[in-house]
A.B. asks: 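The structure that follows is given in the form of structure tokens.
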Amino acid sequence: MCGITGWVSFEDDLRNRRPVLDAMTATMSCRGPDAGGVWLDRHAALGHRRLAVIDLPGGVQPMSAATPAGEVALVYSGEVYNYTELREELRGKGHRFHTDSDTEVVLRGYLEWEAGVAERLNGMYAFAVWDSRTAKLVLIRDRMGVKPLYYQATSDGVLFGSEPKAILANPRAPRVVDADGLRELVAFTKKPGWSLWKDMHEVEPGSVVTVDDRGIRSRTYWRLRTAPHTDDQDTTVARVGELMTDIVHRQLVSDVPRCVLLSGGLDSSAVTGIAAARLSETGEPLRTFSVDYAGQEENFRPDEMRDAPDSPFIRDVVDLVGSVHENVVLDPAELTDPDVRRACVAARDMPSGLGDVDLSLYLLFKAIRRQSTVALSGEAADEVFGGYRWFFEEESRTTDMFPWLVFRNAVTSDRENLLRRDVREALDVPAYAADEYASAVAEVEQVPGDDAFEQRMRVICHQNLTRWVRVLLDRKDRMSMAVGLEVRVPFCDHRLVEYVYNTPWAFKNFDGREKSLLRQATKHLLPASVTERLKSPYPSTQDIGYAVALQSQAKEVLADIASPVFELVNRDWVYDAVQADAATLTGQTRHGLDRVLDLHHWFDLYRPSVHLG
């Protein structure tokens with residue numbers, strides 16, 4: 001999986017800058033706990049930290065190839081699932097391989113097709129190539145944006161890294177956050193290319209960024225395209241089943257222990273069922289993991305997002321497929337440990353404010369990593385197949401705004417309420433969100449002849465697949481790689497995404513329920529309880545102890561008169577929140593306190609300069 005970083009300077013001799021590159025590379029050690037390496041040339045320096053998954057002895061990086069015109073060097077993060085087929089194709093073109101790694105396939109693929117190699121890859125990846133033949137850097141990111149990659153221009157080149165922290169370790173990268181960065185942090189629209197840090201950008205999913213002495217240029221090699229869907233409903237269901245089976249089989253390939261994340265919902269259960277059936281062919285048991293909170297099942301209360309606890313459904317799946325299952329149960333003390341929150345903020349390089357949803361995911365992944373190195377996840381099925389409640393709520397369907405912002409929940413409702421008035425005025429988040437919404441709508445290609453309802457649902461599907469899913473994929477990547485766990489996402493295979501995106505909404509909802517196509521295609525692998533279960537999101541704790549701890553820790557922030565948190569946050573709002581009865585705290589207030597605590601740790605960790613002017 002790995003973490004990558006690098007520096008290109010067309011004026012400096014980077015062979016003399018090894019200590020700086022080492023510092024940048026060291027920030028990626030959590031992503032790559034198994035090994036590290038650097039590669040230095042006059043105008044380019046590449047750093048790599050490795051999580052060994054495929055060809056443990058042979059996939060060492062940085063990896064380079066000598067050519068008559070000069071050396072070509074690669075640092076690569078991710079997995080390419082069709083690498084064996086590509087290797088055979090490249091051998092047929094005369095390439096000789098010295099390892100069994102997918103890394104070498106990507107390198108040789110670049111030598112054959114240059115940046116065009118991206119269009120031949122099936123997988124999740126972010127990689128950088130320094131091509132000394134033409135003195136250029138090429139940055140490439142996978143189609144759906146599963147693996148992160150950032151860059152920042154300098155006066156004479158560029159810095160890049162899997163995470164902002166790698167770039168920020170270079171003294172040429174100022175730690176500045178301006179109004180543009182804060183607007184998106186508050187607005188939650190996932191603007192393409194956004195980074196919280198001033199002048200830093202994401203390589204957009206499906207894009208190639210090229211850097212040479214003429215500057216920085218970006219082009220898109222893949223985007224979500226509209227195409228007529230000619231298959232009937234039964235054929236569509238069958239095709240979904242075929243694709244899912246092929247995808248999961250490919251993503252089970254690993255030279256290290258692997259498992260599946262099992263929540264008891266349709267998505268993760270479908271992946272579990274396919275994986276268990278595959279492994280049973282060789283007599284290998286499947287390992288599954290889930291997360292829960294102490295006392296959650298016994299004391300569960302239905303809320304705005306969840307109708308039932310996960311545990312009974314998980315047991316039904318485990319009983320059916322016979323997996324070796326472990327339920328990671330978290331108590332309030334683990335969940336409210338300030339060191340855990342600090343680790344999560346450091347992993348994300350920003351104050352996300354998602355609270356127990358981030359904290360518990362980090363702790364789950366940490367527990368899994370003791371036994372497995374690779375995990376398959378059900379992430380992104382809701383975006384692909386139309387599973388969220390906002391696909392069905394009339395207000396979310398009809399309001400001219402991102403549906404997850406219209407849908408009423410504690411995370412997305414009134415995200416400005418805790419800010420100081422002058423900060424709210426400077427950011428003007430409503431205007432920003434409206435502009436981003438208009439831009440997102442303008443990107444959608446429609447099919448001529450579709451009625452107004454079908455066009456509207458295509459817009460909502462597009463926004464979920466090009467914006468909302470990237471929020472969740474980034475969270476999943478950061479929390480997992482912070483503990484050296486590779487999480488694969490079968491539902492992000494671009495073949496499945498393209499196919500299902502272009503099916504009519506009537507197919508996605510043919511039985512009057514969410515994710516009809518997925519349910520029908522995989523029901524033979526699942527217990528009836530799961531196929532009939534309503535959508536339930538990732539679990540959140542209902543233990544009042546969590547709210548009590550939030551209030552206690554926020555009081556400590558309040559006690560610091562000089563805390564930089566209050567450059568942004570209304571002190572009176574925090575005072576009122578910590579004085580309230582913990583048992584009566586709304587979900588919105590609780591998440592507000594999560595954001596205050598995240599800001600506290602973020603300021604302490606990064607010492608950013610915040611400019612609102």
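Side-chain atoms are counted along with the backbone in the values below, which use heavy atoms only and exclude waters and symmetry mates. Quick note: residue numbers are just sequence positions, from 1.
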A.B. asks: Decide whether Tyr110 and Asp131 meet the rule of one side-chain donor and one side-chain acceptor closer than 3.5 Å.
C.D. replies: yes
A.B. asks: Do NZ/NE/NH1/NH2 and the carboxylate oxygens of Arg341 and Asp358 come within less than 4.0 Å?
C.D. replies: no
A.B. asks: When you check the gap from the basic side-chain N to the acidic O, do Asp477 and Arg470 get nearer than 4.0 Å?
C.D. replies: no
A.B. asks: Listing request: all side-chain hydrogen bond (donor to acceptor under 3.5 Å, both in side chains) pairs with a residue in residues 6-24, at least two apart in sequence or in separate chains.
C.D. replies: Ser9-Asp156, Asp12-Arg17, Asp12-Arg172, Asp13-Arg15, Asp13-Arg42, Arg18-Asp22
A.B. asks: Tabulate below the donor-acceptor pairs under 3.5 Å that side-chain atoms of residues 605-613 make, not counting sequence neighbours, or state none.
C.D. replies:
| from | atom 1 | to | atom 2 | distance (Å) |
| --- | --- | --- | --- | --- |
| Tyr606 | OH | Ala346 | O | 3.2 |
| Tyr606 | OH | Asp349 | OD1 | 2.4 |
| Arg607 | NE | Asp604 | O | 3.3 |
| Arg607 | NH2 | Asp604 | OD1 | 3.0 |

A.B. asks: With a 3.5 Å cut-off and sequence neighbours excluded, list the donor-acceptor pairs that the side chains of residues 360-368 form with protein atoms.
C.D. replies:
| from | atom 1 | to | atom 2 | distance (Å) |
| --- | --- | --- | --- | --- |
| Ser360 | OG | Tyr293 | OH | 3.0 |
| Ser360 | OG | Asp356 | O | 2.6 |
| Ser360 | OG | Tyr538 | OH | 2.8 |

A.B. asks: Kindly indicate, with the supporting measurements, whether the criterion salt bridge (charged side-chain N to carboxylate O under 4.0 Å, His left out) is fulfilled by Lys198 and Asp180.
C.D. replies: CA-CA 8 Å; Lys198 179 175 170 57; Asp180 287 339; over 6 Å; no
A.B. asks: For Glu443 and Thr466, which I'm curious about, is there any donor-acceptor pair between the side chains at under 3.5 Å?
C.D. replies: no
A.B. asks: Set out, in order, the CA-CA distance, both residues' side-chain angles and the distance that settles side-chain contact (heavy atoms from CB on, under 4.5 Å) for His43 and Leu14, then state yes or no.
C.D. replies: CA-CA 6 Å; His43 295 303; Leu14 297 184; 5.8 Å; no
A.B. asks: Between Arg467 and Phe402, is NZ or CZ placed under 6.0 angstrom from the six-membered ring centre and within 45° of the ring axis?
C.D. replies: no
A.B. asks: Strictly distance-based, threshold 3.5 Å: is any side-chain N or O of Arg424 a donor or acceptor partner for the main-chain N or O of Val429?
C.D. replies: no
A.B. asks: Could you tell me how the ring of Trp390 sits relative to the ring of Phe407: parallel (under 30°), tilted (30 to 60°) or perpendicular (over 60°)?
C.D. replies: perpendicular
A.B. asks: Could you go step by step and tell me if Thr103 and Gln61 meet the side chain to side chain donor-acceptor pair (under 3.5 Å) rule?
C.D. replies: CA-CA 8 Å; Thr103 302; Gln61 298 185 50; 3.3 Å; yes
A.B. asks: Using a strict threshold of under 4.0 Å (side-chain N to carboxylate O), is an ion pair present between Glu379 and Lys476?
C.D. replies: yes
A.B. asks: So that I know where these two stand, are Trp194 and Tyr150 an aromatic pair - ring centroids less than 6.0 Å apart?
C.D. replies: no
A.B. asks: Assess whether a salt bridge exists between Arg223 and Glu204, defined as any Lys/Arg side-chain N lying under 4.0 Å from an Asp/Glu carboxylate O.
C.D. replies: no
A.B. asks: Taking Glu436 first and then Arg183, would you say they form a salt bridge - that is, a charged N and a carboxylate O separated by under 4.0 Å?
C.D. replies: no
A.B. asks: Report yes or no: do Glu486 and Ser480 form a side-chain donor-acceptor pair below 3.5 Å?
C.D. replies: no
A.B. asks: Over all heavy atoms of both residues, which pair between Arg141 and Pro205 is shortest? Give the atoms and the distance, please.
C.D. replies: NH1-CD, 3.5 Å
